[in-house]
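For reference, the structure is listed below as structure tokens.
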Amino acid sequence: DKQACRLLGKEMQKMEHSEELRISLANAIHSIGEKPRVISGTETFDGEKEIKIYDMKSLACYMHTIRLKTAPVFLDTRSFWNPDFPSGDPSEGTGLIRAFMEWRTKSKEKQRTPDYYDQIPTGARFKKEYFMPFKWPKHEESDAVRVAALQGIGLITDYQNEGVMKMLLHTAVHDPGFVVRAEALDQIKEMAREIRKEGFFKRLGDPDRWYEEKQEPWRSKAESTSNFWKVMAHCSADPAWQVRRRAIQTVSEAASFGSVIAYRIIADRAQDAIEIVRRTAIRILQNTVFGRGAYVTERAHLINVYKADGIPAHEASVLADQEAAKTKTLDMDRAAADAMIEKTKDLNYMSRRAAYQALGEVLNGARVRGDRLSVEAMLTGMYDEVELVQHAAIDALWKSSVPGDATVTKALMETIEHHTNWQVRKAAVEAVERIAVNGDQEVVEALIAGMQDKEHAVREAAVKALEIVAAEGFETAIEAVEGKLHDEAWNVRRAAARTLTMLEPEGERQEAVTGKVFGLDDKNWYHNVQGYLMKPLFMPLR
């Protein structure tokens, strides 16, 4: 009923109505508005844009509501306050409108209102990078009503309406309401999903299509190929975490296989200050690297087969890459890992550190071990000029290396022996414990040397590592650990008691451990160690 939609639209534009009523009117319009339909008697071929009828009166009502002025205003991002919800996004359960009203109430309670300026102020405390340009709404001042209008647009149009797509991209960048920008991205994300449903062959390279496959999916032939990605990059740096999170979710839906520019945007957010954004980016990258799992699973199986045949771990991973690609579809997206590796070369050391942390977490979550380009990047990070970056690279190594990789264990052993920072040495000890194979004599010797470190935390880590790396009954390791029963640090003595219990072979020698421990005249020693000796022998130290 177009007349009813027109009348509802006129009422929605009356500012004397309450916000709640205007939201209800926006919802009513899409309830009675006409859904998109193909013009009868028309026929299109695969790859051509369908000729459809849209409810233009309803669309005009919504477009009027979300229209913006042309003159910019500048938000001082330092004044923008937005609560962080580390456990999740409340809007996913309640909807954006209700969540926004709760955020608005909290903001008023804290008297935190954002500061907007017609021009960027001058002065030492007003730097250009603090300000972000937006445009005031032309008609509707309520963010909640504009969100309802965008939701209505999504229900009466579809991904083939290029005018709506341009409007959504414009709103995602310029609307001053962060919740409105977030809803615009939600609508773009849904359209991206619809395009994906068409399938690969229907979209593939037809010149009559409204975009070209190689520049998919958001592009008219008269526009720049990079417009969509520019908008997404801009939104991924938005001051509101709700917008940043939705930007990378939209990118993940829109990106085609091997889309480097898309994964660069997501990789940037893998080091976001807000946990929920950071976790979302890492989960997207993990899913992208894992793919459907066929290649990754086959690769892991082949690595184990080659290692069992006596091939060194680093060579086994290279051979597995080649063979798995022959037998399985390469559904692991290399571009996602490459985007993170690129971030490890950033000039800012905190960015490099975050990139190594994300890279290790993504590869570990995707069950990809021994990727040579990633391992080489981490080995390079071990010699970074900043120790925080070195620590992050070492942590990433044990999460993503093939156990027994001699290249990695050698680098870690050198770090244990020569590095000047005790925290980095300790990290190297803990890393080598996780990736060294049991009974590796070179690693055992390096750990025994680490037990002589001047820092008790490094000595304790080395003693604990021997429990995992040294073979049961290995005399050299047992003698070295026994010497640590007299260490000046009680935590080292405690670790030595536990490790000695595990290294001594079963029988009388293991029973003799109790005498060695409790023969010491040290009441504190007894108090600290007794719990460990009373635990079952199969219980791990960590």
Which atom pair, heavy atoms only, marks the closest approach of [X] to [Y]?
X	Y	value
Gly404	Val437	CA-CG1, 3.7 Å
Lys307	Pro403	NZ-O, 2.7 Å
Pro239	Met132	CD-SD, 3.4 Å
Leu285	Ala267	CD1-CA, 4.3 Å
Ala428	Ile416	CB-CG1, 3.7 Å

Single hit among Leu447, Val443, Ile478, Leu500 for side chain to side chain contact (heavy atoms under 4.5 Å, CB included) with Leu466: Leu447
Met378 and its side chain to side chain contact (heavy atoms under 4.5 Å, CB included) partner, picked from Leu363, Val408, Ile394: Leu363
Contacts of His391 that satisfy side-chain hydrogen bond (donor to acceptor under 3.5 Å, both in side chains) - sequence neighbours left out: Asp395
All side-chain hydrogen bond (donor to acceptor under 3.5 Å, both in side chains) counterparts of Asp272, not counting sequence neighbours: Arg244, Arg269
All ring-ring contact (aromatic ring centres under 6.0 Å, His included) counterparts of Phe80, not counting sequence neighbours: Phe178
Evaluation steps, side-chain contact (heavy atoms from CB on, under 4.5 Å), between Asp321 and Arg299: CA-CA 6 Å; Asp321 285 336; Arg299 180 182 177 277; 2.4 Å; yes
Hey, does the side chain of [X] reach the backbone of [Y] with a donor-acceptor pair shorter than 3.5 angstrom?
X	Y	result
Ser401	Trp398	no
Arg245	Val277	no
Asp309	Ile311	no
Ser351	Leu347	no
Lys343	Leu359	no
Thr499	Ala496	no

Non-hydrogen side-chain atoms of [X] and [Y] separated by less than 4.5 Å:
X	Y	result
Val386	Met350	no
His301	Val305	yes
Val251	Met232	yes
Arg246	Gln242	yes
Glu387	Thr420	yes
Ile341	Ser374	yes
Ile284	Ile248	yes
Arg367	Phe290	yes

Does this structure show an ion pair linking [X] with [Y], if we count only N-O contacts that are shorter than 4.0 Å?
X	Y	result
Arg494	Glu460	yes
Glu323	Lys326	yes
Asp371	Arg334	yes

Got a sec, which residues hit salt bridge (charged side-chain N to carboxylate O under 4.0 Å, His left out) with [X], two or more places apart in sequence or on another chain?
X	value
Glu315	none
Arg425	Asp453
Arg372	Asp405
Lys189	Asp186

From CA spacing to verdict: side-chain contact (heavy atoms from CB on, under 4.5 Å), Leu412, Met382: CA-CA 9 Å; Leu412 291 171; Met382 287 180 62; 4.0 Å; yes
To the nearest 0.5 angstrom, please state how far the [atom1] atom of [X] sits from the [atom2] atom of [Y].
X	Y	atom1	atom2	answer
Asp268	Tyr263	CG	OH	15.0 Å
Gln249	Ile266	CD	CD1	10.0 Å
Lys399	Tyr356	NZ	OH	14.5 Å
Thr415	Lys410	OG1	NZ	12.0 Å

Does the side chain of [X] come under 3.5 Å of the side chain of [Y] through a donor N or O and an acceptor N or O?
X	Y	answer
Ser400	Arg369	no
Gln357	Glu361	no
Gln390	His419	yes

Audit row: Phe474, Leu503, side-chain contact (heavy atoms from CB on, under 4.5 Å) steps and yes/no: CA-CA 7 Å; Phe474 188 56; Leu503 290 182; over 6 Å; no
Can you name the residues that form a side chain to side chain contact (heavy atoms under 4.5 Å, CB included) with [X], not counting sequence neighbours?
X	value
Asp487	Arg459, Lys484, Ala489, Val492, Arg493
Ala172	Ala184, Leu185, Cys235
Ile468	Glu433
Ala446	Met413

Criterion salt bridge (Lys or Arg N to Asp or Glu O under 4.0 Å) on Glu455 and Lys426, from CA distance to verdict: CA-CA 9 Å; Glu455 289 291 335; Lys426 180 174 180 286; over 6 Å; no
Sequence neighbours excluded, every pair satisfying side chain to side chain donor-acceptor pair (under 3.5 Å) that has a member inside residues 436-450: none
Steps toward side-chain hydrogen bond (donor to acceptor under 3.5 Å, both in side chains) verdict (Gln187, Glu183): CA-CA 6 Å; Gln187 296 303 325; Glu183 181 59 41; 2.6 Å; yes
From CA spacing to verdict: side-chain contact (heavy atoms from CB on, under 4.5 Å), Val402, His314: CA-CA 7 Å; Val402 177; His314 62 282; over 6 Å; no
